[in-house]
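Notes to accompany the following structure.
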Amino acid sequence: MNIFADFSDRIINAVKALELKPKEGGELDLSRVAVEPPRDPSHGDIATNAAMVLSKAVGENPRALGERLAAALAEDPDVAEASVAGPGFVNLRLGNGFWHARLGEMLLLAGDYGRSKMGNGHKVNVEYVSANPTGPMHVGHCRGAVVGDALSNLLAFAGYDVTREYYINDAGAQIDVLGRSVLMRYREALGEDIGQIPEGLYPGDYLKPVGKALADEYGTKLLERPAEEALKIAKDTAIDAMMAMIREDLAALNVHHDVFFSERSLHAGNGGTIRSAINDLTLKGHVYKGKLPPPKGQVLEDWEDREQTLFRSTDVGDDIDRPLIKSDGTFTYFAADVAYMKDKYSRGFEHLIYVLGADHGGYVKRLEALARAISEGKLHLTVLLCQLVKLFRNGEPVRMSKRAGEFVTLRDVIDEVGRDAVRFMMLYRKSDAPLDFDFAKVTEQSKDNPVFYVQYASARCHSVFRQASEQLNVRKFDREAMKAALHRLDDPGEIALIRKLAEYPRLIESAAQALEPHRLAFYLYELANQFHVQWNRGSETDRLRFVKVNDPELTHARLGLVQAVCDVVRSGLALVGADAPEEMR
RNA sequence: GGUCCCGUAGCUCAGUAGGAUAGAGCAUCAGAUUCCUAAUCUGAGGGUCGCAGGUUCGAAUCCUGCCGGGAUCACCA
C-alpha cells in the first residue's frame with residue numbers, strides 16, 4: 001500500500017465533508033491538493049497543503065481552514081495527532097498501530113511489496129545500448145546499459161508492459177570498414193604478412209579470431225571470390241561474431257534484451273521497408289526535395305550545396321529539416337530510423353524511450369519530430385541522455401586512446417570490480433550528470449562505499465537471523481509468527497525504520513513516473529543507513545538488540561522488521577540489477 | 001552562431017509533482033569506543049541554491065534574459 005495515496009483519499013474525503021463552497025461558484029478544484037511526507041520527520045508522518053491550496057478559492061484564512069481540516073482528520077483512528085503548522089500545513093502523526101499494520105502487510109507481500117499497477121499494462125519500448133557491432137563494448141556503453149536496464153526493471157515493477165530493445169547498426173559504412181578489417185585478419189591468418197593495420201580500419205586484436213575462423217572455414221577460397229562477395233561474407237561473419245561477444249558482455253552485466261532489431265533487415269529487398277516508410281511520410285506531406293542551408297557559425301571548407309530528399313521536420317518541432325536520401329541516391333542513417341520507428345509504432349507501443357549517450361543530444365529533436373509525424377502526435381517519446389563516465393584509478397584519471405585501439409572494455413571493468421558494483425555505481429548519480437568512477441573506491445569494504453554499505457545491510461539482516469536461530473534454537477522464523485508479534489515494536493528507531501520501508505511503494509511510482517532509476521540507489525542507501533543505525537543502537541544499548549533470548553515474542557517482532565528490511569533491500573537491489581548477498585566475503 | 005545538458009557546503013552530489021529552518025557522504029574540528037551481533041559510533045561548524053527579473057500565498061524547483069562549464073551541429077553511423 002502506498003500510504004500517501006491512501007491518505008490522499010482520506011484527506012480528500014475529509015475536505016469534501018467540510019462542504020466548502022467556492023466563492024466563484026462551481027466545483028472546488030482539488031487537483032492541487034498534495035499529500036506527501038514532510039521534509040522534516042519531526043513534523044509528523046503525513047503532510048498536506050490542502051488548506052493553503054484551497055483557501056483562496058473558498059475565501060478563508062489558510063490556518064483557520066487547516067484547523068477545521070485537522071479537527072476532522074483527528075477523528076481517523078489511525079491518526080494519533082493532527083496539527084496545523086507554518087503557513088497552513090496540516091501534519092498528521094500516525095499511531096504505532098498503523099505502522100504495525102503496514103509492516104504486517106509487507107511481511108505477507110514479501111518480494112511483491114512495492115509492486116504497482118500504475119503502468120496499467122501500457123506498452124513501453126525501452127531501447128538501450130545499441131552499440132555498433134564493430135568491437136567489444138567499452139566503458140562508454142556501460143552507463144546507458146545499466147540505466148536502460150534498471151529503468152526497464154523499474155517500469156515493469158510499476159506495472160508497465162516493457163519491451164527491452166537493442167538496435168543493431170549492422171548496415172552502413174562502418175560495417176564495410178569492419179568487413180575490410182576482418183579480411184586483413186583473414187589474410188594474416190593465412191600466413192600473409194599484413195604489417196600495420198592501415199589507418200581507418202579497426203586495429204583491435206579482437207578481430208583476429210574472426211579472421212582465423214574465415215581461414216578455417218574457407219581456406220584460400222575467399223581470395224578467389226569477387227571482392228564484393230568476399231566482403232559480404234566477411235561482414236556477415238564479423239557481425240555475428242561481434243554480436244555474440246556483445247551479448248556475452250551484456251550477460252556479464254546482467255543485461256538482457258527482449259528484441260535485437262537489425263538495421264540491415266530494413267535495407268533488405270532493395271530497401272523496400274525504408275522506401276515505404278518514406279512514402280508514408282510523403283503522403284502525410286512531410287517530405288520534399290531541396291537543399292539545406294550550411295550550418296551557421298561554423299566554417300566548413302568542404303561544404304557542397306546539394307539537392308537531397310528531406311524530411312520537413314521543422315513543421316513538427318525540429319530546428320532544421322533532415323536528409324532522408326543522400327545526393328547519391330542512398331538512404332541516410334536517419335531514413336532507416338524512420339522505418340524503424342514506424343515498425344515500433346505498428347507493434348503497438350504507446351511510449352518509446354531511448355537511452356542514449358550525451359553525444360547524441362543533437363539527435364533528440366529529430367526523433368521527437370519523427371514521432372509526431374508518424375503518429376500524428378499519439379506516440380509518446382522520451383530520450384534519456386546519459387552523461388560521460390570518467391574513470392579514475394586511485395584518484396588519477398585513466399587515459400584511453402581510441403585511435404590506438406586502447407580502451408577499457410566493459411569486461412575489464414566488470415572483471416575488476418564486479419558486476420554489482422558497476423551497476424550500483426552507474427545509478428548512484430542522476431543520469432544527466434557526469435559520473436566519476438574510481439576503481440579503488442567501489443571495491444572498498446567500508447561505509448564510504450555505497451555498494452558495500454547497501455549489500456552489507458542485506459548480509460547483516462541474514463546474520464541477525466543466523467544469530468537468532470542459534471540463540472533461540474529456532475530453525476526457521478515464520479512470517480505469520482513474526483507478524484503476530486509486531487505490536488511489541490515501540491522504539492522510535494524501529495518505528496522510523498518502518499516509516500522508511502513504507503516509503504518504498506511511493507518511491508517506485510515516482511521514480512517510474514520520472515524515469516529516474518537512480519532514485520532507487522539513493523533510497524537503498526538511506527534505508528541501509530537507517531538499518532545500520534538501529535543495529536548500532538542495539539550494539540550500544542542492550543535493550544534494543546534485535547535478538548532477545550529471554551523474550552521470544554519481542555525477538556519475533558524485531559525479526560519481522562529485519563525481514564522487511566531484508567525483503568526491500570533485496571527487491572530494490574534486484575531492480576538495480578545487483579545481488580543481495582547473505583554474507584559478505 | 002544554433003541546439004541540448006549542467007551550475008546547490010571546501011570536494012562529490014541528493015533534493016521526492018512548487019512547500020515549512022535547503023539535505024547526505026567525504027574532508028575539517030570535538031568527543032566516545034579497543035568492544036564485538038560483522039567492516040566503528042555521537043556531535044559541531046560550514047550555504048547570497050551562478051546572476052538578474054517574472055509567475056505564485058510560497059521558487060533550488062516553473063518562465064525570460066544574461067554569465068560560466070560541457071556535449072553536439074549537412075553529405076557519418
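The sequence lines fix the lettering, A, B, ..., with proteins before strands; numbering per chain opens at 1.
- For an aromatic pair to be called close, the ring centres must be under 6.0 Å apart, and A:Tyr166 with A:Phe261 fails this.
- Straight-line distance between the C1' atoms of B:U34 and B:G46: roughly 32 Å, to the nearest whole Å.
- Set against B:A14, B:A39, B:A77, the side chain of A:Asn132 has B:A77 as its closest nucleotide.
- The base of B:C13 does not come close enough to the side chain of A:Arg429 for any donor and acceptor atom to sit less than 3.5 Å apart.
- Contact between the side-chain N/O atoms of A:Arg545 and the OP1/OP2 oxygens of B:U37 is found at a separation under 4.0 Å.
- Annotation: B:U8 and B:A14 have their C1' atoms spaced 10 Å apart (nearest Å).
- Distance noted for atom P between B:A59 and B:U21: 11 Å (whole Å).
- Spacing between B:A22 and B:A27 at atom P, rounded to whole Å, works out to 25 Å.
- Rounded to whole Å, the P atom of B:C6 lies 33 Å from the corresponding atom of B:A44.
- Two residues are said to be in side-chain contact when any heavy atoms from C-beta on lie closer than 4.5 Å; A:Tyr202 and A:Arg180 fail this criterion.
- In this entry the distance linking CD of A:Gln534 with P of B:U40 reads 19 Å, nearest Å.
- Pair assignment for B:U33: none, as no Watson-Crick or G-U wobble contacts are both less than 3.5 Å.
- With values rounded to the nearest 0.5 angstrom, A:Arg312 atom CZ is found 10.0 Å from A:His286 atom NE2.
- Sequence order on RNA chain B of the closest nucleotides to A:Lys441 and A:Leu385 puts A:Leu385 first from the 5' end.
- A salt bridge is absent between A:Asp315 and A:Arg372: the closest approach of a Lys/Arg side-chain nitrogen to an acidic carboxylate oxygen does not fall below 4.0 angstrom.
- Applying the Watson-Crick and G-U wobble criteria (two distances, each under 3.5 Å), B:G25 pairs with B:C11.
- When the C1' atom is compared between B:U12 and B:U48, the two are found 22 Å apart, to the nearest whole Å.
- Looking at heavy-atom distances under 4.0 Å, A:Tyr363 makes contact with a base.
- Under the 4.0 Å criterion applied to side-chain N and carboxylate O atoms, A:Arg264 and A:Asp236 are assigned as salt-bridge partners.
- In this structure B:G53 sits in a base pair with B:C63, meeting the Watson-Crick or G-U test at under 3.5 Å.
- For B:C76, the OP1/OP2 oxygens have a side-chain nitrogen or oxygen of A:Lys326 closer than 4.0 Å.
- Listed pair A:His532 / B:U42 fails the phosphate criterion, with no side-chain N or O lying under 4.0 Å from OP1 or OP2.
- With B:G19, B:U37, B:A14 as the candidates, the nucleotide lying closest to the side chain of A:Val464 is B:U37.
- Residue whose closest nucleotide on RNA chain B sits further toward the 5' end, between A:Ser463 and A:Glu540: A:Ser463.
- Atom CG of A:Asp176 is separated from atom C1' of B:C76 by 12 Å (rounded to the nearest Å).
- Of the candidate nucleotides B:U16, B:G19, B:C5, B:C5 has the atom lying nearest to any side-chain atom of A:Gln387.
- Across all strands shown, B:G68 forms a Watson-Crick or G-U wobble pair with B:C6, both key distances being under 3.5 Å.
- Look at B:A17: it lacks any Watson-Crick or wobble partner with both distances under 3.5 angstrom.
- Checked against B:U16, B:C4, B:A74, the side chain of A:Gln308 finds its nearest nucleotide in B:A74.
- The base of B:A20 does not come close enough to the side chain of A:Asn49 for any donor and acceptor atom to sit less than 3.5 Å apart.
- Remark: C1' of B:U16 and CD of A:Gln513 are 12 Å apart, rounded to the nearest angstrom.
- Between the C1' atoms of B:G15 and B:G45, the separation comes to 22 Å (whole Å).
- For the OP1/OP2 pair of B:A17 and a distance below 4.0 Å, the side-chain nitrogens and oxygens of A:Arg32 include no atom meeting the criterion.
- Comparing B:U61 with B:G23, their C1' atoms sit 15 Å apart, to the nearest whole Å.
- In summary, A:Arg499 and A:Asp45 engage in a salt bridge, as defined by a charged side-chain N under 4.0 Å from a carboxylate O.
- The A:Gln467 side chain lies nearest to B:U37 when the options are B:A74, B:U37, B:C13.
- With B:A74, B:A20, B:A14 as the candidates, the nucleotide lying closest to the side chain of A:Pro323 is B:A74.
- For A:Phe522 and A:Tyr428, the ring centers are positioned less than 6.0 Å apart.
- Nucleotide B:U48 has no partner under the Watson-Crick or G-U criteria, as no pair reaches both atom distances under 3.5 Å.
- Remark: ring of A:Phe452 does not overlap the six-membered base ring of B:A39 in a stacked fashion, as centroids less than 5.5 Å apart with planes less than 30° apart are not both met.
- For the pair A:Glu526 CD and B:G25 P, the interatomic distance rounds to 11 Å; values are reported in whole Å.
- Atom-to-atom, CG of A:Leu388 to P of B:U72 comes out at 8 Å; the value is rounded to the nearest Å.
- Ion pair A:Lys430/A:Glu516 not flagged as a salt bridge, since none of the NZ, NE, NH1 or NH2 atoms sits closer than 4.0 Å to an Asp/Glu carboxylate oxygen.
- Checked against B:C5, B:A77, B:A14, the side chain of A:Ala173 finds its nearest nucleotide in B:A77.
- The CD atom of A:Gln513 sits 11.0 Å away from atom CG of A:Leu154, with the distance rounded to the nearest 0.5 Å.
- Checked against B:A39, B:U3, B:G15, the side chain of A:Met584 finds its nearest nucleotide in B:A39.
- Between A:Glu470 atom CD and B:U37 atom C1' there is a gap of 11 Å when expressed in whole angstrom units.
- Counting only heavy atoms from C-beta on, A:Lys430 has its side chain closest to B:A14 among B:A17, B:A14, B:U40.
- Rounded to whole angstrom, the span from the CG atom of A:Asp436 across to the C1' atom of B:G25 amounts to 15 Å.
- Counting to the nearest Å, the C1' atom of B:G23 and the NE2 atom of A:His43 are 14 Å from each other.
- When the nucleotides B:A39, B:A17, B:A77 are ranked by their closest atom to the side chain of A:Asn169, B:A77 comes out on top.
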